[in-house]
Amino acid sequence: MSFTPQTTENIKPIMPTYLAIFDLDETLIAADSASLWNKFIVAKGLAPLSLLTQEHAMMTAYSKGTLDMDSYMTATLAPLKGKSHHKIQPLIDEFITDIITPAIYQQALERIEWHRKRGDHILIISATGEHLVKPIAAVLGVKNVIAIHVEQHNGIYTGATTGILSFKEGKVERLKIWLQQQNHNYNYKGSYGYSDSINDLPLLNLVNKPFAVNPDPTLAMHAQMKEWTIMNWRHENNILR
C-alpha cells in the first residue's frame with residue numbers, strides 16, 4: 001500500500017468565506033420596490049388611492065432617516081390583511097415581471113456575477129417585506145435573503161410583521177442572527193457591503209469593504225469623507241429593457 005506525502009504544492013489553503021451583502025431598493029434596482037408595489041395594488045383596485053399620499057409622506061421621512069418603519073409596514077400591509085397567499089402571489093409575479101425586472105441595473109447583475117465567480121456568498125438584506133424581496137432575489141439569482149417577516153396564519157396575511165425589522169440597526173441584528181444559523185464559516189468582517197441609503201450606515205460600518213451605490217446625498221457625503229468607493233449605476237443604458 002503506497003502513501004504519497006502531502007507537500008506545500010498539493011495542499012490547498014483553506015480560504016475564508018466572504019459575504020457580499022447587497023441592499024435591494026435603489027441599489028440593485030432603479031426603484032423602491034415597496035413604493036412601486038403600492039402603486040401597483042392601487043391600480044389593481046386592491047388599495048385606496050389615499051395609500052399613495054400616505055406612503056409619499058413616509059418615504060420623505062425615509063430619505064431623511066426619520067421613518068417609523070413599524071408605522072410604514074402597518075399602513076402598507078393593510079391592503080393584504082385577510083387575503084390569501086394564493087390570491088396575492090399571481091399579482092406579485094405579474095408585478096415583478098412587468099415592473100421590477102425592467103428596473104434591474106445591468107451593472108448590479110455584473111457585480112453579483114463578479115462575486116459569484118470569486119466564490120463569495122451573496123446575501124440581500126432589505127427593509128422591504130419578504131413577500132416581495134424573496135421573489136425579486138430569485139430573479140437576481142440570489143437565494144440568501146433577509147427581509148421583513150410578513151405574518152401569515154394558515155396562508156392568510158394578517159397585515160402584521162413579526163420579529164426584528166431589517167431596517168437600520170435591525171439589519172445588523174438580523175445579519176448576526178442569520179450568521180449564527182449558518183453552517184458555513186462566514187467572515188463578515190472581511191466582506192463587502194453595498195447600499196444607496198444613509199439608513200444602511202450601521203450595516204456599511206460593519207463590513208470591511210463598504211460601497212456607496214447610487215448614494216443619497218447624505219450617504220454620498222459620508223462616503224467621500226470616509227474615502228469609500230462610490231458607484232453610480234443610475235444611467236439609462238445600465239437598466240434592463
Side-chain angles (χ1 to χ4, degrees), residues 15-37 92-93 95-148 166-167 171-172 174-176 178-179 181-197 199-216 219-220 223 228-241:
M15 300 299 291
T17 302
Y18 293 117
L19 279 170
I21 305 169
F22 290 88
D23 175 47
L24 175 63
D25 300 315
E26 306 288 358
T27 301
L28 297 175
I29 61 175
D32 183 280
S33 58
S35 295
L36 291 181
W37 170 250
I92 293 175
D93 293 341
F95 166 71
I96 292 173
T97 298
D98 294 348
I99 298 175
I100 294 299
T101 299
I104 297 171
Y105 286 115
Q106 179 62 41
Q107 285 180 287
L109 293 176
E110 293 170 0
R111 193 66 178 179
I112 289 172
E113 184 60 22
W114 183 80
H115 279 290
R116 187 173 285 116
K117 288 180 177 178
R118 278 170 42 93
D120 297 331
H121 287 258
I122 301 160
L123 171 67
I124 291 176
I125 304 184
S126 175
T128 297
E130 62 188 353
H131 62 307
L132 299 178
V133 179
K134 286 185 176 181
I136 295 173
V139 172
L140 291 164
V142 178
K143 64 179 181 179
N144 296 313
V145 173
I146 295 174
I148 293 178
S166 46
F167 179 59
K171 283 193 175 184
V172 174
R174 290 283 304 279
L175 173 61
K176 290 180 177 179
W178 183 84
L179 286 168
Q181 296 170 340
Q182 306 308 303
N183 294 323
H184 300 283
N185 183 27
Y186 293 119
N187 183 357
Y188 69 84
K189 289 185 178 179
S191 294
Y192 294 70
Y194 301 85
S195 179
D196 70 291
S197 175
N199 290 294
D200 283 339
L201 197 55
L203 181 64
L204 292 176
N205 282 332
L206 182 70
V207 300
N208 275 3
K209 298 177 181 178
F211 291 79
V213 181
N214 316 316
D216 61 38
L219 181 60
W228 292 353
T229 300
I230 297 176
M231 294 178 165
N232 183 9
W233 297 345
R234 288 192 182 113
H235 300 292
E236 186 175 347
N237 62 345
N238 288 330
I239 300 172
L240 296 185
R241 297 296 181 187

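Only a predicted model underlies this, so the values are computations on that prediction, with no experimental measurement involved.
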(message) Just by distance, no angles: are the side chains of Thr128 and Asp25 close enough, under 3.5 Å, to form a donor-acceptor pair?
(response) yes
(message) Consider side-chain contact (heavy atoms from CB on, under 4.5 Å). Of Leu175, Leu206, Leu204, Asn144, which one does Ile21 pass it with?
(response) Leu175
(request) Report yes if some heavy atom in the side chain of Leu19 is under 4.5 Å from a heavy atom in the side chain of Leu179; otherwise report no. (result) yes
(message) Between Leu28 and Tyr194, is there a side-chain heavy-atom distance shorter than 4.5 Å?
(response) no
(request) Answer whether the closest heavy-atom distance between the side chains of Asn214 and Arg234 falls below 4.5 Å. (result) yes
(message) With a 4.5 Å cut-off on side-chain heavy atoms, are Asn208 and Tyr18 touching?
(response) no
(message) Is there a side-chain contact between Val213 and Phe22 in this structure, where contact means two heavy atoms from C-beta onward sitting under 4.5 Å apart?
(response) no
(request) Mind telling me whether Trp114 and Tyr192 have parallel, tilted or perpendicular rings, with 30° and 60° as the class edges? (result) perpendicular
(message) Would you say that Ile92 contacts Pro135 through its side chain, given a criterion of any heavy-atom pair below 4.5 Å between the two side chains?
(response) yes
(message) Using every non-hydrogen atom in the two residues, find where Leu219 and Ser197 come nearest and quote the distance to one decimal.
(response) CD2-N, 3.5 Å
(request) Give the minimum heavy-atom separation between Ile136 and Ser33, together with the two atoms involved. (result) CD1-CB, 3.9 Å
(request) State, with a plain yes or no, whether a side-chain heavy atom of Met231 is found less than 4.5 Å away from one of Tyr105. (result) no
(request) Hey, could you give me the CZ/CG distance between Arg111 and Leu109, rounded to the nearest 0.5 Å? (result) 13.5 Å
(message) A side-chain contact here means heavy atoms from C-beta on lying under 4.5 Å apart; do Asp200 and Thr27 qualify?
(response) no
